[in-house]
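So the structure is just underneath, and the comments pick up after that.
Just so it is clear: chains get the letters A, B, ... in the order the sequence lines come, proteins before strands, and each one is counted from 1.
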Amino acid sequence: MPLRLYNSASRRKEVFKPIENGRVGIYVCGVTVYDLCHIGHARSAVVFDVLVRYLRARGYGVTYVRNFTDVDDKIIERSKRTGVDTATIAERYINAFYEDMRALGVLDADVEPRATEHIDDIIDMMRRLAEKGVAYAVGDTVYFSVEKFDGYGQLSGRRLEEMVAGARIGIDEKKRHPMDFVLWKGAKPGEPKWESPWGEGRPGWHIECSAMSCRYLGENFDIHGGGRDLIFPHHENERAQAMAANGVNFANYWVHNGFVTVESEKMSKSLGNFITIKDALELYHPQELRLFLLSKHYRSPLDFSPAALAGARSGLIRIYRTLQRLEETVGPYRGSTKGRMAPFLARSDGDNLKNHFVRVMDDDLSTAGGLGLLFEKVREINRCLDSSLPRKDTRAQLMKERSDLLDCGKVLGLLEEEPSKFFEEIIETPPELDAEEIEGMVQERNTARIARDWTRADAIREELFKRGVILEDAPGGTKWRLKLEGSAKSLEEEGD
RNA sequence: GGCGGCAUAGCCAAGUGGCUAAGGCAGCGGUCUGCAAAACCGUUUGACACCGGUUCGAAUCCGGUUGCCGCCUCCA
């Protein structure tokens, strides 16, 4: 069964066929580094991280390119406001980006180019556009002439006339056509600048991605991704520039993720309704954020709310509890749960978790469907753990089930932690009691229980509960664990 | 104004022509337990926005209506 991806260019799901058999080139628009990233950026990063992981799991050799826009008007504006030079600002937010991504378990791309390091490639592409008469200069500004490129509007499904008619932007007198856009901008005093045949200045936003994607993946490559809001004008313009300059098709598949919303409205800087990844990580465990981000199909809007995150937390705890039970029964997991995907799904067949997982993920990367399968498997494992079948018969089976579960989890970048470590991390308040004290009280309670002094036993349990410890009387003896202060209930209360 | 997307139980969310419409969260009942917790089982009277159409058959396809959202300006 082939992988099918929704291609924004054709507005339908298409069977994915790479240009070169077994190899995939993918370019994803990264961030403009003028501020901290928010949950919307996190979604995009996580979605494409999963796409790349999944392609690798399916056996493809992937070259993943994700850029940084490190020169643009917003960075300059911030520099002017704060007095910090643009390079320092860019560096600061690139570092912040890496911190966020590593926390979220987003793996590095293979190539992470920066616009300022590719000015030569940009100028080279502009030169070709100028030679073909598609670019023109007015003073120190160079424009792309949309009328000279036949396919303009094909990606976003717009026609030039309609765009002009409905445009809300003021028309720039210097442009030959209202929809023409900037390739090169002359530098004002104090602004970052580079030499070019058209004078000192800096590249426009769109050209860097055309130049860098072609530089690392070739003029025609497989997948181009980014947020839905980039379709127009950014990706439309990127495509126009590259195709006009190179004369061949640009990206074969355009993959766009939907927005994170807050009360159904797009999370964005301009609306001010955003929550930064760093703020979110203060409140939520990275794995629960990640589970939340993958709980809905990547193209649909995803509403951010404390209740939704609480749901993600409860679900995650459920899975980790089962993993912990498995550890107690069959010992710790020996495989790798982190890092790059090995191609483990490529040749499996039969009626098992991995195959079901591939089936749903092949359908346009249905992470929500995949998660459903993981939960089904968890229940199945619990059922097996609950049953009193001879341990010897089930042991090997359980180990196999766990390894399948964790392999699928790894595609999603989930279930990476050892259960005990996860539970430690998710507890927000340190226990008021140390382990020794707790053990002592448990001992005392068990003495009371043996004497069938239930009142006393319950009082001790109640006391421990108040101090954040939950007891479980299992067949093998009494186990205790710390209460999760940020558990579903209290989070929900916080939210409303 | 132009173009596009979405609408599934108390909440979140898969499924996109055909067996009893995944899964999670929350609630309720049960099993287990001294009681709990966890887990398991069951359950939430007809869950597929509304109205038409196509079809033997539609949540799924087509048309229309309503509502919400997005892009058309920087935006993941």
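Counting any heavy atom pair closer than 4.0 Å across all strands shown, A:G258 reaches a base atom. Among the atoms of the strands shown, only primed sugar atoms or phosphate atoms (P, OP1, OP2) are found under 4.0 Å from some heavy atom of A:R379. Nucleic acid contact class of A:V47 (heavy atoms, under 4.0 Å, all strands): none. Among the protein residues, A:G226 comes within range of the sugar-phosphate backbone only, with heavy atoms under 4.0 Å from sugar or phosphate atoms but none that close to a base. Among the heavy atoms of the strands lying under 4.0 Å from A:G227 are primed sugar atoms or P, OP1, OP2 only; no base atom is included.
Straight-line distance between the P atoms of B:G24 and B:G34: roughly 28 Å, to the nearest whole Å. Distance check on atom C1': B:A47 versus B:U60 gives 15 Å, rounded to whole Å. When the P atom is compared between B:U55 and B:C74, the two are found 48 Å apart, to the nearest whole Å. One P atom belongs to B:A9, the other to B:G70, and the distance between them is 22 Å to the nearest Å. To the nearest whole angstrom, the two P atoms, one in B:G1 and one in B:G10, are 35 Å apart. Only the P atoms considered, B:C69 is 42 Å distant from B:A37, to the nearest whole Å. Atom C1' of B:A14 sits at a distance of 22 Å from the matching atom of B:G27, rounded to the whole Å. Atom name P, nucleotides B:C48 and B:A58: the rounded distance is 14 Å, in whole Å.
Spacing between atom NZ of A:K74 and atom P of B:A76 amounts to 7 Å, rounded to whole angstrom units. In this structure, A:D100 places its CG atom 13 Å from C1' of B:A76, rounding to the nearest Å. Rounding to whole angstrom units, CG of residue A:L293 and P of B:C12 are separated by 17 Å. Straight-line distance from the CZ atom of A:R228 to the P atom of B:G5: 8 Å, rounded to whole Å. Atoms CG (A:L471) and C1' (B:A39) sit 17 Å apart, rounded to a whole Å. One atom, CZ of A:R11, and another, C1' of B:C71, lie 12 Å apart when rounded to the nearest Å. For A:F259 and B:C68, the CZ to P distance is 19 Å, given to the nearest whole Å. As rounded to whole Å, 17 Å separates atom C1' of B:A36 from atom CZ of A:R456.
Here the side chain of A:E472 is nearest to one of B:A76, B:G24, B:A38, namely B:A38. Among the nucleotides B:G4, B:A76, B:C35, the one closest to any side-chain atom of A:V31 is B:A76. Nearest to the side chain of A:S44, among B:C41, B:A76, B:C71, sits B:A76. Distances were taken from every side-chain heavy atom of A:E376 (C-beta onward) to each of B:G23, B:A76, B:A38; the shortest belongs to B:G23. The nucleotide whose nearest atom lies closest to any side-chain atom of A:W454 is, among B:A39, B:A76, B:G34, B:G34. For A:D458, counting side-chain heavy atoms from C-beta on, the closest listed nucleotide (B:C68, B:G34, B:C72) is B:G34. Closest to the side chain of A:R445, from the set B:A76, B:G24, B:G34, is B:G34. Closest to the side chain of A:R158, out of B:A39, B:G2, B:A76, is B:G2. Comparing B:G34, B:G23, B:A26 against the side chain of A:S314 picks out B:A26 as the nearest. Listed nucleotides: B:C72, B:G34, B:A39. Nearest to the side chain of A:D386: B:A39.
By the 6.0 Å and 45° rule, A:K269 stacks over the aromatic ring of A:Y34. With a 6.0 Å cutoff to the six-membered ring centre and a 45° limit on the axis angle, A:K266 counts as a cation-pi contact of A:F259.
Within the structure, salt bridge (Lys or Arg N to Asp or Glu O under 4.0 Å) pairs that include any residue of residues 37-51 of chain A comprise A:D49-A:R53, A:D49-A:R290 (at least two apart or interchain).
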Nucleotides 14-19 of chain B: which of its N/O atoms have a protein N/O under 3.5 Å away?
| residue | atom | partner | partner atom | Å |
| --- | --- | --- | --- | --- |
| B:A14 | OP1 | A:H297 | N | 2.5 |

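The main-chain N or O of A:R299 is never found under 3.5 Å from a side-chain atom of A:N257 such that the two would form a donor-acceptor pair.
Interatomic distance, A:F357 CZ to A:L373 CG, rounded to the nearest 0.5 Å: 7.5 Å. Annotation: the span from A:E238 atom CD to A:C29 atom SG amounts to 4.5 Å, rounded to 0.5 Å. Taken to the nearest 0.5 Å, the CZ atom of A:F144 stands 12.5 Å off from the CZ atom of A:R176. Atom CZ of A:R445 and atom CG of A:D473 lie 4.0 Å apart (nearest 0.5 Å).
Taking the six-membered ring where tryptophan is involved, the planes of A:H256 and A:W254 are essentially parallel, since the angle between them stays under 30° and well short of 60°.
Using a 4.0 Å cut-off, some side-chain N or O of A:K266 falls inside it from OP1 or OP2 of B:C71. Between A:R383 and B:C41, a side-chain N or O to OP1/OP2 separation shorter than 4.0 Å is present. Between A:N257 and the phosphate of B:A76, there is no side-chain N or O to OP1/OP2 separation shorter than 4.0 Å.
In this structure, A:F304 has its ring center under 6.0 Å from that of A:F292. With ring centers used as reference points, A:F68 lies 6.0 Å or more from A:Y93.
Within 3.5 Å, a donor on the side chain of A:D473 pairs with an acceptor on the base of B:C35, or the reverse. No hydrogens or angles were tested; on distance alone, a donor-acceptor pair under 3.5 Å links the side chain of A:R461 to the base of B:C35.
Comparing A:G315 and A:P233 against RNA chain B, the residue whose closest nucleotide sits nearer the 5' end is A:G315. Mapped onto RNA chain B by nearest heavy atom, A:R452 and A:T32 fall at different nucleotides, with A:R452 at the one closer to the 5' end.
With a 4.5 Å cut-off on side-chain heavy atoms, A:R66 and A:Y64 count as touching. Within the 4.5 Å cutoff, no side-chain heavy atoms of A:I470 are placed close to those of A:L482.
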**Base-pairing string, 5' to 3', of RNA chain B - Watson-Crick or wobble, under 3.5 Å, | interstrand** = (((((((..(((.....[....))).(((((.......))))).....(((((..]....))))))))))))....
